[in-house]
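The structure displayed is predicted, hence computed values, not measured ones. Just so you know, these numbers use all the heavy atoms, side chains as well, and skip hydrogens, waters and symmetry mates.
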Amino acid sequence: MKKINYILVSLLLLMSFSCKKFLEEKPTGFISPDAQLTSKKVAQAYATGCYKYLQGFLQGQPSSYGGNVYNLMEFVTGKANSDLGQTGFATFSSMSYISSSFYFDTWWQQMYLGIGTCNLAIEKIPGFVVLTDAEKTNMLAEAHALRALYYFYLVRMFGAVPKVTEVAKDLNVLLPRTPAKQIYDEVIIPDLETAAKSTLPWRSTTVSLGFIHSLLADVYLTYAGAAINGGATYYAKSAEHSKMVIQNSGNYLFPEYTDMIKPANKGIGEFIFQVQYAAAVPSNNPLTALTIPNYSGISKYADEYGSVYPTTQFLASFPAGDKRVQEKQFFFSSYKSIKDGSTVTFRSPYIYKYFDSLAVVSTAKSDLNYTLYRYADVLLMYAEASNRATGTQDDIATKAVNDIRARAKLAPIGKMSMADFEHEVWLQRYFELCYENKMWFDMIRTRKVHNDVTGNWDDFVGHKTVLGATFQEKHLLFPVPKQEIDANPNLLPNNTGY
């Protein structure tokens, strides 16, 4: 009976559809698969439904107080601490997790729920006779781009995963795993290349050409690296797409780091693609509470989690004078008590990147979005990819790195060897994008880890973190969740070591 229940859940994941609250006076809550294909509003609802599971990138863990899927991607880097044992910090920071450890199943389920909504949109939208060809193309571009995003996370985390590109028509959903390279070649890259042919705007709070080309740059950079070993051709493709964003998107670096934590700046300036949140709805961004020091008494939040904060060694690895590590830039070490206004000094610095001041002192409801791609990321992708593709840093790559360094109040760099420039770019990614769920993916695609104590670039396999864990070959992939294997034995064998 348990197995049948899991199969039914799997079918629902693949057939998920979106809300139609504006279509009827008394909404049923969902668009039925046989809904009439005569309304532009219905068509838009299919496209909009693809966004619903983006909030899965910050999905809370019911079995863990203060736990969130965001935590997993920081704990495993060895560069994050936690005040809460219930988050599974000890398990993940020691790399002693197993296939039944939480977070893995939530990531898997949320990404496949997202894929299910995209598959439904891709199937239904072409049948809407009320849409122009351009409208269909753009709506389909949204669905294809988001399906690629969901799959991109899955293959980087789990490697081979089931290839699901159609809406399930029956209970025959016990699919085997498809190799990661095949998922890239047959789903992720074609989806994004299709989406890139749309006439979507370069900048938008939803899927845009800027996002599509940013994601393509990331996909090709990853494909070129160790997981697939695509090599110079794909580094060149990555550079091509990030350069298009640089030249066409109109995005720019904010003058101040704190500009990124002002709700008024959501969707503009540096931000290319964000998961949307609003203080006015129950699902407001949880990261503000998650990153407040535990029981510090500085906020209106009943739960100040202290779920993730930086290791002292990582903070010490920033170069002297780097503005990013100065007080109330990327981190903060004290704040006023909400009770009496006295200064509360924390035992170590905490993350300031998600600090919504109005939520902290007044509403306990964060109005910040969660950023998946911002302009600094794209600049550094271009610098790395172009350097690898050509064997040297060009002027655009040098300027990209120096723009990042200038905002950090660091001196500009000049001409460097290919290896030294690559290390500089990797370092800037560590510092600039820290605690944005980027670092782990950089580690596994480069197979290198910056040693915060020695300053060296260690091989991934054999690197010992400051928390005492040693990375092994098996850690390059997460285990397929046990509950998924229990429901579908065709997912076996699990990844090596699990």
Side-chain angles (χ1 to χ4, degrees), residues 51 54-55 57-58 68 70 201-206 208 210-211 214 245 249-293 296 298-301 304-305 307-310 322-336 338 341 344 346 349-380 403-409 431-438:
Y51 293 85
L54 289 176
Q55 292 194 353
F57 290 97
L58 295 181
N68 193 288
Y70 162 89
W202 272 94
R203 294 179 65 180
S204 173
T205 55
T206 55
S208 64
F211 164 63
S214 298
V245 177
S249 71
N251 289 103
Y252 56 88
L253 295 178
F254 284 123
E256 300 292 337
Y257 296 118
T258 50
D259 290 334
M260 288 185 273
I261 55 173
K262 295 177 180 177
N265 288 338
K266 294 194 298 187
I268 65 173
E270 190 154 345
F271 299 128
I272 294 173
F273 190 69
Q274 297 182 294
V275 181
Q276 303 289 313
Y277 287 93
V281 298
S283 59
N284 55 85
N285 189 330
L287 285 183
T288 297
L290 286 170
T291 52
I292 292 175
S296 58
I298 66 167
S299 78
K300 288 288 189 178
Y301 284 96
E304 297 170 320
Y305 291 111
S307 289
V308 179
Y309 63 94
D322 195 316
K323 183 177 179 179
R324 290 169 292 200
V325 80
Q326 295 173 9
E327 184 69 10
K328 293 184 177 61
Q329 298 300 315
F330 281 0
F331 311 101
F332 70 132
S333 57
S334 65
Y335 205 73
K336 292 180 179 180
I338 201 69
V344 178
F346 317 137
Y350 283 71
I351 299 167
Y352 199 66
K353 281 188 167 184
Y354 307 109
F355 195 88
D356 182 336
S357 59
L358 180 61
V360 168
V361 303
S362 178
T363 65
K365 295 180 179 180
S366 177
D367 199 34
L368 296 176
N369 287 339
Y370 176 57
T371 304
L372 295 183
Y373 285 97
R374 60 184 177 94
Y375 191 57
D377 190 358
V378 173
L379 290 175
L380 293 169
D403 285 349
I404 300 291
R405 289 179 63 89
R407 186 167 61 171
K409 304 303 181 185
F431 298 148
E432 181 67 26
L433 305 175
C434 63
Y435 307 105
E436 296 182 29
N437 273 195
K438 299 283 184 177

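A distance-only check finds a donor-acceptor pair linking the side chain of E304 to the backbone of S299 [under 3.5 Å]. The backbone N or O of I272 sits nowhere less than 3.5 Å from a side-chain atom of R203 that would complete a donor-acceptor pair. Without hydrogens or angle criteria, E327 side chain to S333 main chain gives a donor-acceptor distance under 3.5 Å. A donor-acceptor pair is defined here as one N or O able to donate and one able to accept, closer than 3.5 Å; such a pair exists between the side chain of S208 and the backbone of F211. Using modelled atom types, no side-chain atom of N285 and backbone atom of D367 make a donor-acceptor pair closer than 3.5 Å. The backbone N or O of S334 lies less than 3.5 Å from a partner atom in the side chain of K328, making a donor-acceptor pair. N251 places a side-chain N or O within donor-acceptor distance of the main-chain N or O of F271, the cut-off being under 3.5 Å. Remark: side-chain polar atoms of N265 are not paired, donor with acceptor, to backbone N or O of P263 under 3.5 angstrom. Between the side chain of T371 and the main chain of Y373, no donor-acceptor pair closer than 3.5 Å is present.
Using modelled atom types, one finds no donor on one side chain facing an acceptor on the other under 3.5 Å when comparing T205 with Q274.
The 12-atom threshold is exceeded at NZ of K323, counting heavy atoms of other residues, nucleotides or ligands nearer than 6.0 Å. Atom NZ of K438 has more than 12 heavy atoms from other residues, nucleotides or ligands within 6.0 Å. Environment of NZ in K409: sparse, with no more than 12 heavy atoms of neighbouring residues, nucleotides or ligands closer than 6.0 Å. Sparse packing is recorded around NZ of K300, with 12 or fewer heavy atoms of other residues, nucleotides or ligands lying under 6.0 Å away.
Here the CG atom belonging to L433 is positioned 7.5 Å from the CD1 atom belonging to I404, to the nearest 0.5 angstrom. Between atom CD of residue E436 and atom CG of residue L372 there is a gap of 10.0 Å, rounded to the nearest 0.5 Å. Annotation: the span from L287 atom CG to L368 atom CG amounts to 9.0 Å, rounded to 0.5 Å. Between the OG atom in S366 and the CG atom in L358 there is a gap of 9.5 Å [rounded to 0.5 Å].
Here the shortest heavy-atom pairing between F330 and C434 reads CD2-SG, 4.1 Å. Among all heavy-atom pairs drawn from S214 and V378, the shortest one is OG-CG2, 3.4 Å. P349 and P310 make their closest contact through O-CD, 3.5 Å (heavy atoms, listed as atom of the first residue, atom of the second, distance). Across all their heavy atoms, S296 and I292 have their closest contact at OG-CG2, 3.7 Å. Taking every heavy atom of both residues into account, L58 and N68 meet most closely at O-ND2, 3.0 Å.
Salt-bridge check for D259 with K262: passed, with a basic side-chain N closer than 4.0 Å to an acidic carboxylate O. For the pair D322 and R405, the salt-bridge criterion is not met [side-chain N within less than 4.0 Å of a carboxylate O].
Here F57 and Y70 keep their ring centres 6.0 angstrom or further from each other. Aromatic rings of Y350 and Y309 (six-membered ring for Trp) have centroids within the 6.0 Å cut-off, being under it. Between Y252 and Y375, a ring centre-to-centre spacing not shorter than 6.0 Å is recorded.
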Practice item. Walk me through it: do T288 and Y301 pass the test side-chain contact (heavy atoms from CB on, under 4.5 Å)? Key: CA-CA 9 Å; T288 297; Y301 284 96; 3.8 Å; yes
Point to revise | Verdict with reasoning, E270 to R407, per salt bridge (Lys or Arg N to Asp or Glu O under 4.0 Å) | key: CA-CA 13 Å; E270 190 154 345; R407 186 167 61 171; 2.7 Å; yes
Practice item. Test I298 against I338 for side-chain contact (heavy atoms from CB on, under 4.5 Å), laying out the working first. Key: CA-CA 5 Å; I298 66 167; I338 201 69; 5.9 Å; no
Exercise for review: Show your working on side-chain contact (heavy atoms from CB on, under 4.5 Å) between Y257 and R324 and close with a plain yes or no.
Suggested key: CA-CA 8 Å; Y257 296 118; R324 290 169 292 200; 3.2 Å; yes
**Study point:** Worked verdict on Q55 versus Y277 for side-chain contact (heavy atoms from CB on, under 4.5 Å)
**Key:** CA-CA 9 Å; Q55 292 194 353; Y277 287 93; 3.6 Å; yes
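Annotation: side chain of V308 is in contact with side chain of Y435 (closest heavy-atom distance under 4.5 Å). Taking 4.5 Å as the limit, every side-chain heavy atom of M260 sits out of range of all side-chain heavy atoms of K266.
In this pair, Y370 and Y354 present their aromatic rings tilted. The plane angle is within the 30 to 60° band. Between Y51 and F273, the angle of the ring planes lies from 30° to 60°, which puts this pair in the tilted group.
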